[in-house]
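For reference, the structure is listed below as structure tokens.
Counting starts at 1 for both ligands and their atoms, in listed order.
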Amino acid sequence: MSWSDELVSSDIEHMRQVLRGSQRLPRHVAAIMDGNGRWAELRSMPRFEGHRAGMESVRSVVKACSQVGVQYLTLYAFSIENWKRPAPEVRFLMSLLESYLKKELDELHENNVRIRTIGKTNALPRVVEKVLQKAIERTSGNDGLTLTLALSYGARWDIQRAMQVIALDVRRGKLSPEDLTESTISEYLQTSYMPDPDLIIRTSGEIRLSNFLLWEAAYAELFVTETLWPDFRDVDLYNALLDFTQRERRFGKTSAQLGAAAKTKPSTMERLRNALK
Ligand code: IPE
Ligand code: IPE
Ligand code: MG
């Protein structure tokens with residue numbers, strides 16, 4: 001890390017203030033929380049210790065998103081492919097999820113967080129499904145951060161499920177094939193209540209999506225960090241958000257088309273540097 005970067009990351013309160021006032025904050029941040037196993041292996045610990053430590057990162061990141069006004073946070077907690085892992089690891093992850101929801105629910109609710117889930121959740125153990133349902137119901141009226149847990153989730157699974165429902169609705173005469181647009185497809189996906197992710201963060205240096213939000217990620221900015229998930233905390237999230245605010249999202253257009261107005265305004269990074277002077 002260079003000295004100037006160190007200065008920026010040392011002052012988390014300033015980062016928070018600048019991000020809070022930024023017009024360029026992502027509305028929807030999604031994270032592929034990877035590297036728990038390697039974190040534990042590096043310390044000669046069993047893999048499950050990495051998962052346990054990763055829960056602290058979840059707490060930190062959820063709070064940090066809420067504090068700067070990110071509206072949607074989607075966490076990839078368990079993929080549909082993760083069922084193929086050894087049974088004791090899967091059992092541990094399920095019990096961790098259950099205890100996270102039980103322990104954190106009051107605080108999440110007090111902080112106006114709305115909990116949702118995407119994925120094949122009927123494949124989860126009954127007790128986990130129940131606490132999840134309770135958390136969703138209890139927080140359904142909240143209008144702060146929407147925290148979506150992707151559990152037993154696979155983007156291809158969701159697309160295939162949506163296609164089946166679309167086909168059934170065509171057969172029932174509810175939908176005509178001519179009316180099928182890109183937004184119709186989005187409406188049939190489980191993610192229909194959220195905007196597409198603006199920023200997808202992946203920890204542990206892997207540069208792939210691993211079946212996460214494939215349709216929705218069409219124009220997401222990707223941020224990959226070598227940091228392992230259990231080491232990823234609020235300051236790392238804020239660094240990712242600041243990096244995002246510096247990016248030019250062109251959506252196929254040219255830079256010139258995007259207009260001079262945005263360029264004459266001081267950037268978030270410049271405002272942060274001024275605030276720190
Ligand atoms: C991410 O960490 C957590 C889950 C996929 C549930 P990993 O368990 O994949 O950790 P690595 O990739 O083996 O280090
Ligand atoms: C992706 O991580 C899924 C989650 C973070 C829940 P994996 O560790 O399962 O991904 P691959 O198998 O390395 O692509
Ligand atoms: Mg992994």
Sub-4.0 Å atoms of ligand 1 with respect to non-hydrogen atoms of Arg38 | 11 (P), 12 (O), 14 (O)
Below 3.5 angstrom, do we get any N/O pair linking Asn36 and ligand 1?
-> yes
Would you find more than 12 non-hydrogen atoms of other residues, nucleotides or ligands less than 6.0 Å from Glu41 atom CD?
-> yes
Do the ring planes of Phe48 and Phe92 sit parallel (below 30°), tilted (30 to 60°) or perpendicular (above 60°)?
-> tilted
Rounded to the nearest 0.5 Å, the OG atom of Ser22 sits from the CG atom of Leu25 at a distance of 5.5 Å
So how far is it from Arg202 CZ to Glu226 CD, rounded to the nearest 0.5 Å?
-> 12.0 Å
Ala77: heavy atom below 4.0 Å from ligand 1, yes or no?
-> yes
Please say whether Tyr76 places an N or O atom under 3.5 Å from an N or O atom belonging to ligand 2.
-> no
Could Asp158 and Arg161 be called an ion pair, given the rule that one side-chain N must be under 4.0 Å from one carboxylate O?
-> yes
Give the numbers and elements of all ligand 2 atoms closer than 4.0 Å to a heavy atom of Asn82.
-> 3 (C), 6 (C), 9 (O)
Fit a plane to each ring of Tyr153 and Tyr76, take the angle between them on a 0 to 90° scale, and name the class: parallel (under 30°), tilted (30 to 60°) or perpendicular (over 60°).
-> perpendicular
Atoms in ligand 2 with a heavy atom of Arg85 nearer than 4.0 Å | 7 (P), 8 (O), 9 (O)
Is atom 13 (O) of ligand 2 in close reach of the protein, with a heavy atom under 4.0 Å away?
-> yes
Judged by non-hydrogen atoms, does Arg202 sit under 4.0 Å from ligand 2?
-> yes
Close-contact set for ligand 2 against Met33 heavy atoms, below 4.0 Å | 5 (C)
Examine all N, O or S atoms of Asp34, backbone included, and report whether one is under 2.8 Å from the Mg ion (ligand 3).
-> yes
Atom indices of ligand 2 within 4.0 angstrom of Arg208 heavy atoms, with elements | 11 (P), 13 (O), 14 (O)
Distance under 6.0 Å and angle within 45° of the ring axis: does Arg116 meet both against Tyr193?
-> yes
Does some non-hydrogen atom of Ser204 fall short of 4.0 Å from ligand 1?
-> no
Determine whether the side chain, the backbone, both or neither of Ala150 has a heavy atom under 4.0 Å from any heavy atom of ligand 2.
-> neither
Got more than 12 heavy atoms from elsewhere within 6.0 Å of CZ, Arg156?
-> no
For His51, the atoms of ligand 1 under 4.0 Å from one of its heavy atoms are 3 (C), 8 (O)
Assess Arg85 against Trp83: is NZ or CZ under 6.0 Å from the centre of the six-membered ring, and within 45 degrees of the ring's axis?
-> no
May I ask you to check whether Gly37 has an N/O atom sitting below 3.5 Å from an N/O atom of ligand 1?
-> yes
Ligand 2 atoms in contact with Phe78 (distance to a heavy atom under 4.0 Å) | 6 (C)
Hey, which of Arg114, His109, Glu110 is the one that makes side-chain hydrogen bond (donor to acceptor under 3.5 Å, both in side chains) with Asn142?
-> His109
